[in-house]
Amino acid sequence: MQTSTAFAKLAEEVIARCQKLASFSEDPGGTRRTFLSAPMRDCHREASSWMKILGMSVSVDAVGNLRAFYAGTSPGAPRILIGSHLDTVPNAGAFDGVLGVVLAVGLVESLGGLKLPFGIEVVGFSEEEGVRFGVPFIGSRALVGRVDDELLGWKDERGISVRKAIQDFGLNPNEISKAVLSDDVLGFLEFHIEQGPVLESLGRPLGVVQAIVGQNRLEFNFSGQANHAGTTPMNLRRDAVAAAAEWIVAVENLARRTADLVATVGFVEAKPGATNVIAGETRATLDIRHASDRARTETLDELIRQAESIAARRGVTVKWRTLLSQNAVAMDAFLTEQIEHAIQKAGCEPHRMASGAGHDAMILAEKTPAAMIFLRTPGGISHDPAESAHLDDVAKALECGHHLLTQLAASQEFLGRTCRA
Ligand SMILES: [Zn+2]
């Protein structure tokens with residue numbers, strides 16, 4: 001497959017397939033497909049039928065990941081993994097995750113039966129969003145050997161454990177270790193919609209992810225003195241919510257001044273929470289992200305200092321605790337460079353960027369070189385039925401992916417790699 005007309009035709013099929021999978025839903029009239037739900041089985045059946053036509057051998061591993069193998073030139077050939085997730089959030093669109101799986105099938109189709117010096121394993125991860133159990137990445141964690149007894153014991157809101165859900169789906173939790181990446185894996189590629197406005201604002205169809213940002217989540221508690229709103233003069237107050245408010249504006253100001261940093265106070269609660277009472281306690285969360293761990297931790301330290309100084313000036317105390325601390329994950333430099341070449345060959349100007357959200361590639365990167373290609377997201381809208389993808393961008397992604405496979409097939413440096421597992 002070489003012509004842009006052929007890629008455009010394949011892109012039409014990819015989009016139609018994404019929309020078809022969106023119809024497999026737990027909710028009538030909307031898309032919601034959580035981990036090991038009944039519609040996930042329908043989704044597997046549909047996707048398997050496309051994969052089998054291409055001569056792929058299809059299986060479902062013990063955590064419910066759909067895995068389809070397209071053999072390489074020789075039986076002992078190594079393999080690359082291409083994929084993303086098949087689960088969705090409630091009231092989802094048709095493309096988050098799903099596009100990366102369907103596009104991977106399209107790439108195998110684009111080979112027209114040609115075999116490469118590596119096999120291609122298409123993976124449709126069973127769980128990325130964390131909707132059912134409140135724990136994300138169950139699917140990809142199984143591939144790096146991080147589904148343990150503690151995780152298997154987590155329960156959903158109906159009291160069903162991960163272990164029981166696996167059994168109910170007809171799978172065997174004792175076989176989870178078999179889902180781990182084999183030694184012949186050369187790397188993992190994930191196509192995903194950007195889910196943000198950056199590529200659209202630059203007018204570029206495709207981006208290449210350099211790193212998945214690190215993040216901290218903290219909870220701050222400002223403690224002052226609750227008192228009467230009518231009888232307490234302004235200069236004699238110890239107002240916890242006013243202290244928190246001043247700090248929230250400081251968070252926004254510092255984040256705006258720090259390149260590529262994002263910081264969000266997404267939750268605020270004032271107590272006692274009455275119109276005529278000065279707040280004695282205020283709880284506020286902080287979510288801070290950056291591709292550089294140093295930039296992130298330095299900014300966080302400064303925001304803690306500012307919280308303390310604002311509180312002290314107002315006769316308020318502040319305490320904080322860390323809810324999450326996760327370092328940035330770099331994508332593989334060699335693959336990232338190859339993707340840039342492939343994007344250029346497809347006639348587009350590549351844009352190097354960080355991913356502000358976590359993805360399966362972040363988990364796979366623990367064990368194998370991983371890389372991500374972002375597709376422009378119209379309006380930056382995702383996790384909503386209005387989520388979409390431009391037909392031309394999907395065609396460019398297919399063309400880029402096809403060039404990438406051709407480049408990697410010709411690269412001794414790539415073929416000489418072995419899995420770090
Ligand atoms: Zn996703």
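Order of listing sets the numbers, starting from 1, for every ligand and every atom in it.
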Answer yes or no: is there an ion pair linking Arg305 with Glu302, defined by an N-O contact shorter than 4.0 Å? yes
The Zn ion (ligand 1) to Asp96: nearest N/O/S atom name: OD1
His44 and Phe169 aromatic ring geometry - parallel, tilted or perpendicular at 30°/60° bounds: perpendicular
What is the ring orientation for Phe118 with Phe414, classed by angle as parallel under 30°, tilted 30 to 60°, or perpendicular over 60°? perpendicular
Of all N, O or S atoms in His192, which has the smallest distance to the Zn ion (ligand 1)? NE2
Checking only N/O/S atoms, does His359 have one that is under 2.8 Å from the Zn ion (ligand 1)? no
Only one of Phe125, Phe374, Phe191, Phe188 passes ring-ring contact (aromatic ring centres under 6.0 Å, His included) with His359; say which it is. Phe374
